Amino acid sequence: MKLIKKEIPQPFLRTLPAGMKFISKNENEFLVIEKLLCPHGHNLVSDEVHIHGEASIKLQIKLNECEGILFLDAFWGSHTKLYSFIPNNHNKIEIIDIYCPICGVSLLIDEPCPAKDCTSKKMVQMHLPGKNNRILACSRFGCPEHRIEINNMNNNVTEMIDDINFFGIGLEDDLFKGV
Ligand SMILES: [Zn+2]
Ligand SMILES: [Zn+2]
């Protein structure tokens, strides 16, 4: 696994939101999600499975015909995923529902995906510690749409963060495997 360094905006470095941290790997700094919450306050970051050496984001997921656990890479901009089951045709399917693995509350919200060629009407919402701080991701597999919203942080800065993609889109297919 080759990590590609991207410049992290200075204003973001100075006001790093709670729930995110920097780690150094190969003398480069990477942004990693440390704490992500369901609406009931359960931490979705789990030590059960480590991806790229860090705890991953554990979610309960329901696809067309199967249900199981999904672990997401906590490195910001990475699309690596591990499943506890083998989804069929995972590029074509849409998430039917996605839940907190602890209390079962749904993380889907009714919000159309802003990506140009995506018709998804639902986004996955995960909260960072702090009022109104959240991460939104498209509920459709293969759509790279994701954004971070931080209260009191300039939109230009959060947009720069949204554009960070350490590993490149599509790499998750190489790493795709059941656990
Ligand atoms: Zn919960
Ligand atoms: Zn989308």
Side-chain angles (χ1 to χ4, degrees), residues 17-20 32-49 51 54-64 66-85 87-151 155 158-176 179:
M20 302 191 94
V32 173
I33 297 162
E34 193 174 32
K35 196 168 188 183
L36 204 54
L37 307 166
C38 87
H40 296 152
H42 299 119
N43 193 0
L44 302 169
V45 177
S46 162
D47 261 330
E48 242 172 90
V49 169
I51 304 177
E54 292 292 319
S56 60
I57 300 156
K58 183 183 179 184
L59 301 165
Q60 178 87 25
I61 190 170
K62 189 169 187 284
L63 303 175
N64 290 346
C66 41
E67 184 161 1
I69 298 289
L70 168 68
F71 294 95
L72 293 177
D73 196 344
F75 276 72
W76 184 254
S78 166
H79 298 272
T80 303
K81 303 175 188 76
L82 295 170
Y83 301 85
S84 67
F85 58 97
N88 300 324
N89 288 326
H90 77 294
N91 277 327
K92 294 197 183 78
I93 48 184
E94 206 151 336
I95 293 169
I96 304 296
D97 211 344
I98 188 158
Y99 327 85
C100 167
I102 299 161
C103 70
V105 68
S106 177
L107 305 175
L108 282 185
I109 56 166
D110 289 318
E111 187 176 314
C113 174
K116 267 201 193 84
D117 41 7
C118 182
T119 55
S120 173
K121 297 279 183 286
K122 288 182 191 288
M123 300 286 283
V124 181
Q125 175 182 249
M126 293 164 287
H127 300 270
L128 284 162
K131 202 169 179 277
N132 302 329
N133 295 350
R134 60 179 185 163
I135 289 171
L136 292 167
C138 182
S139 65
R140 176 164 293 175
F141 277 106
C143 178
E145 181 65 28
H146 63 278
R147 71 175 190 268
I148 185 166
E149 290 182 1
I150 303 294
N151 214 13
N155 278 348
T158 54
E159 279 168 22
M160 283 161 84
I161 290 292
D162 294 342
D163 288 340
I164 292 176
N165 191 331
F166 288 122
F167 304 101
I169 295 159
L171 197 63
E172 74 268 28
D173 290 338
D174 300 336
L175 294 161
F176 164 73
V179 290

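Note that the structure is predicted; figures quoted are calculated from it, not measured. All ligand and atom numbering here is 1-based and tracks the order in the structure. Nothing fancy with the numbering, it's 1 onward along the sequence.
Residue Glu149 is tested with Leu136, Ile135, Asn132, Leu128 for a side chain to side chain contact (heavy atoms under 4.5 Å, CB included); the sole match is Leu136.
With a 4.5 Å cut-off on side-chain heavy atoms, Leu107 and Leu44 count as touching. Using a 4.5 Å heavy-atom cutoff, the side chains of Trp76 and Ile33 are in contact.
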Side chains of residues 35-43: which donor-acceptor partners sit under 3.5 Å, not counting sequence neighbours?
| residue | atom | partner | partner atom | Å |
| --- | --- | --- | --- | --- |
| Asn43 | OD1 | Leu36 | N | 3.2 |
| Asn43 | OD1 | Val45 | N | 3.1 |

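Within the 2.8 Å limit, His40 places no N, O or S atom next to the Zn ion (ligand 1).
Counting only protein N, O or S atoms, 4 lie closer than 2.8 Å to the Zn ion (ligand 2).
Between Cys100 atom SG and Cys103 atom SG, the angle centred on the Zn ion (ligand 1) amounts to 110° (nearest 10°).
If you look at His42 and ask which of its N, O or S atoms sits nearest the Zn ion (ligand 1), the answer is ND1.
A salt bridge is defined here as a Lys NZ or Arg NE, NH1 or NH2 lying under 4.0 Å from an Asp or Glu carboxylate O, and Glu111 with Arg147 meets this definition. Looking at Asp110 and Lys121, no side-chain N of the basic residue comes within less than 4.0 Å of a carboxylate O on the acidic one, giving no salt bridge. Salt bridge present: Lys58 and Glu48 bring a charged side-chain N and a carboxylate O closer than 4.0 Å.
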